[in-house]
Structure formats: structure tokens, C-alpha cells
Amino acid sequence: MFIKLLSIALTSVTIGSLQHILPILVAIGFTVLLIKYSNRNLNDKQKFRVIHFVACFVSLFIISFHLYRIGFDNYNFRTDLPLYLCSLMALIIPVFTYYRKYWMFEILVFWIIGGTIQGVITPDIAVGFPSFDYFRYWVVHLGLLVVIFYFIFVFKMKPTLKSVFKSFLALQVYVAVMMIINYFLDANYFYLNEKPKSASLLDYFGEWPYYIVVGQLIIIPLFLLIYLPFSVSERMKIT
């Protein structure tokens with residue numbers, strides 16, 4: 001029975017499965033409790049320490065994952081470097097929580113919510129629980145969301161309409177850099193040369209290169225949609 005259950009667990013994660021839904025529910029509960037506790041019991045210095053610890057945990061987890069892969073697995077620099085957007089943000093998120101610069105928040109709030117939500121809805125995990133990759137995937141995607149929502153609901157940081165376009169322009173710089181890296185490594189970082197193998201929103205955007213064009217066209221509307229609750233909240237305060 002144990003071997004049968006383990007064989008089921010180690011299959012790829014399917015949308016709507018327990019391996020998909022349970023981590024999301026745990027992260028939601030953790031985020032709500034953390035925000036409530038911090039607002040009620042912690043001073044500003046303690047709040048900064050708490051969220052910086054969370055960010056460092058996310059970053060160190062992905063660093064450990066890649067070091068493990070380099071040492072004990074067939075690590076391929078053409079496919080395995082932490083250059084996909086979510087992995088890259090997981091590496092640099094402690095820089096944001098340490099310096100807490102507003103311009104960083106302006107970029108990351110849209111990158112994290114817009115980028116990780118897609119990954120949360122349509123997980124791309126080849127080997128499920130209890131693999132290292134399974135935990136890496138959820139710690140990165142859900143951990144980034146914990147950090148950004150903490151800054152929104154604890155530190156009351158909010159983007160402006162200008163932030164939408166700043167984040168979009170920053171994303172174009174990232175895309176340009178990835179195109180250069182992909183060219184020299186013959187790689188597919190940020191899925192600029194081929195769609196991911198698992199189901200994703202890109203499946204609805206046509207084949208290459210059309211899905212890239214369509215994806216670029218919907219980024220600003222997506223960012224505006226993310227900005228909408230902030231805009232509505234500000235208008236309600238004014239009225």
C-alpha cells in the first residue's frame with residue numbers, strides 16, 4: 001500500500017489534485033495569520049525582520065535546490081539556471097525586503113502577482129510530493145506572494161498607475177536579456193523559444209512566435225487589472 005501511494009505521489013502534479021490545492025490553502029492560511037499577528041503585535045522593526053526572514057528563506061531554499069542539483073543531478077545550464085522570472089525574483093527578493101525601496105515594489109508587485117498566479121493555477125512540476133522540486137516550486141511561487149501581500153497589508157504599500165508602465169518597461173529589459181542568454185546558450189528561458197510542456201495560459205495564444213506577441217499585448221491589460229483593486233480602494237477613501 002505504501003509503495004502504491006508513493007508511486008502516485010511521485011507523479012507529475014495535475015491541476016485540481018490534492019498536491020495542487022493543499023499547498024495553496026496552507027499558504028493562504030499562513031499569510032492571513034502572519035499579517036494579522038504582525039499588525040496586532042509587532043513594531044515596525046520586528047515587522048521588517050519577520051518578512052526579511054521569510055524572503056531569505058525563499059531565496060536560500062532555491063539556492064540550496066540548485067546546489068543540490070549541481071552536486072547530485074544532471075544539471076544543465078541550458079535548462080536549469082534560475083533565470084525564469086519566478087526563480088530570479090526568489091533570488092533577489094531579500095534585496096527588496098532589506099532596502100524596501102518603493103521603486104522595487106512598483107516592479108515586483110506586478111511581476112509577482114501577474115507571474116506567480118499563473119504558475120499557481122497551472123503548476124509545472126514533473127515529480128510531485130515529496131520531491132525536492134515539488135517543495136522548491138511551491139516555496140518559490142507561494143513565498144513570493146506571501147512577501148508582496150505582507151508589504152501591501154502590513155506596510156500599506158500600493159502601486160500607482162505609473163507603476164504599471166514602470167513594471168512593464170522593466171519586464172521588457174528582462175525579456176531582452178533573456179533573449180541574449182537564450183541565443184548564446186541555445187536555451188528557452190522565459191519560454192521565448194518554445195511553450196512549456198505542461199498546460200499553461202500560453203496554450204491559448206497560438207504557436208511560436210504568436211504566443212509571445214499575444215503575451216506581450218496582454219501584459220499591460222493584466223497589470224491594469226492587478227492595479228484595479230488599488231485604484232478602487234484609493235477612490236473609496238477619497239469619497
Side-chain angles (χ1 to χ4, degrees), residues 6 9-13 17-35 37-38 46-100 104-105 107-109 111-154 174 178 187 189-191 196 198 200:
L6 185 61
L10 287 174
T11 58
S12 61
V13 177
S17 66
L18 184 63
Q19 295 187 76
H20 178 204
I21 301 300
L22 185 58
I24 298 173
L25 295 178
V26 171
I28 291 173
F30 173 76
T31 305
V32 171
L33 291 175
L34 181 64
I35 289 172
Y37 179 83
S38 297
Q46 290 171 327
K47 291 174 182 176
F48 287 130
R49 285 179 177 175
V50 165
I51 199 58
H52 187 56
F53 173 83
V54 173
C56 288
F57 174 79
V58 172
S59 186
L60 289 173
F61 199 95
I62 194 169
I63 290 172
S64 300
F65 172 78
H66 284 276
L67 290 176
Y68 171 83
R69 289 286 313 281
I70 291 171
F72 301 100
D73 204 350
N74 296 321
Y75 198 83
N76 188 338
F77 289 93
R78 293 176 57 244
T79 58
D80 299 332
L81 289 173
L83 295 177
Y84 292 100
L85 190 59
C86 290
S87 295
L88 185 61
M89 287 190 294
L91 288 177
I92 66 175
I93 197 68
V95 178
F96 166 60
T97 57
Y98 182 81
Y99 289 104
R100 305 182 296 276
M104 294 181 183
F105 173 81
I107 294 171
L108 290 175
V109 66
W111 285 19
I112 289 176
I113 296 177
T116 60
I117 289 296
Q118 193 271 345
V120 169
I121 295 173
T122 58
D124 181 15
I125 312 173
V127 183
F129 179 89
S131 70
F132 201 164
D133 188 47
Y134 177 83
F135 287 102
R136 185 273 314 171
Y137 189 91
W138 290 120
V139 167
V140 168
H141 287 80
L142 297 175
L144 288 171
L145 287 169
V146 171
V147 171
I148 206 65
F149 281 122
Y150 193 93
F151 272 81
I152 292 170
F153 290 104
V154 174
Y174 166 80
M178 289 304 103
Y189 291 110
F190 203 49
Y191 304 114
S198 63
S200 73

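Note that the coordinates shown come from a computational prediction; the quantities given were computed from them, not determined experimentally.
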Could you please spell out the steps behind the side-chain contact (heavy atoms from CB on, under 4.5 Å) verdict for Q19 and I125? CA-CA 10 Å; Q19 295 187 76; I125 312 173; over 6 Å; no

With a 3.5 Å distance limit and no angle check, can you tell me whether R100 reaches the backbone of Y98 through a side-chain donor-acceptor pair? yes

Sequence-distant partners of Y150, ring pair (Phe, Tyr, Trp, His ring centres under 6.0 Å), two or more places apart: F155

Y134 side chain to V13 backbone, donor-acceptor under 3.5 Å: no

For L85 and W111 the tightest heavy-atom approach is CD1-CE3, 3.5 Å

Nearest 0.5 Å please: distance from the CD1 atom of I148 over to the CE atom of M89. 9.0 Å

Between F96 and F151, what is the ring plane arrangement, given parallel below 30°, perpendicular above 60°, and tilted in between? tilted

Does any N or O in the side chain of S59 come within less than 3.5 Å of the main-chain N or O of A55, such that one atom is a donor and the other an acceptor? no

Please check if the distance between the ring centroids of F129 and F135 is under 6.0 Å. yes

Between H52 (side chain) and F48 (backbone), is there a donor-acceptor pair under 3.5 Å? no

Measuring from atom NE2 of H141 to atom CD1 of I121, what distance do you get when rounded to the nearest 0.5 angstrom? 11.5 Å

Given side-chain contact (heavy atoms from CB on, under 4.5 Å), test I62 with V139 step by step and report yes or no. CA-CA 8 Å; I62 194 169; V139 167; over 6 Å; no

Gap separating the CD1 atom of I70 from the CG atom of L81, nearest 0.5 angstrom: 8.0 Å

Residue list, ring pair (Phe, Tyr, Trp, His ring centres under 6.0 Å) with F132, at least two apart or on another chain: F61, F65, Y68

Could you tell me if the side chain of Y174 sits less than 4.5 Å from the side chain of L88, heavy atoms only? yes

Residue pairs, two or more places apart or on separate chains, that pass side chain to side chain donor-acceptor pair (under 3.5 Å) and touch residues 83-96: none

For W138 and I24, which heavy atoms make the closest approach, and how far apart are they? CZ3-CG1, 4.2 Å

Gap separating the CZ atom of F53 from the OG1 atom of T97, nearest 0.5 angstrom: 12.0 Å

Does a sphere of radius 6.0 Å around CZ in R78 hold more than 12 heavy atoms from other residues, nucleotides or ligands, not counting ones at 6.0 Å or beyond? yes

Can you tell me if Y75 has over 12 outside heavy atoms packed within less than 6.0 Å of its OH? yes

Kindly determine whether F190 and L83 satisfy side-chain contact (heavy atoms from CB on, under 4.5 Å), including the steps that lead there. CA-CA 8 Å; F190 203 49; L83 295 177; over 6 Å; no

Do L142 and Y137 have side chains that get closer than 4.5 Å, going by heavy atoms? no

Those residues at least two apart in sequence (or on a different chain) that pass side-chain contact (heavy atoms from CB on, under 4.5 Å) with I21 are L25

List the residues meeting ring pair (Phe, Tyr, Trp, His ring centres under 6.0 Å) with F30, not counting sequence neighbours, and say none if there are none. none

Do L108 and I93 touch side chain to side chain, with heavy atoms closer than 4.5 Å? yes

Between S131 (side chain) and G128 (backbone), is there a donor-acceptor pair under 3.5 Å? yes

Measure the shortest side-chain to side-chain distance between V154 and I51 over non-hydrogen atoms and say whether it is less than 4.5 angstrom. no

Would you please test L145 and F149 for side-chain contact (heavy atoms from CB on, under 4.5 Å) and show each step? CA-CA 6 Å; L145 287 169; F149 281 122; 3.9 Å; yes

Quick check: closest heavy atoms across A90 and V140, and the distance to 0.1 Å? CB-CG1, 3.9 Å

Determine the minimum heavy-atom distance between K47 and S38, stating which atoms define it. CE-O, 3.2 Å

Pairs touching residues 132-150 that satisfy salt bridge (charged side-chain N to carboxylate O under 4.0 Å, His left out), sequence neighbours left out: D133-R136

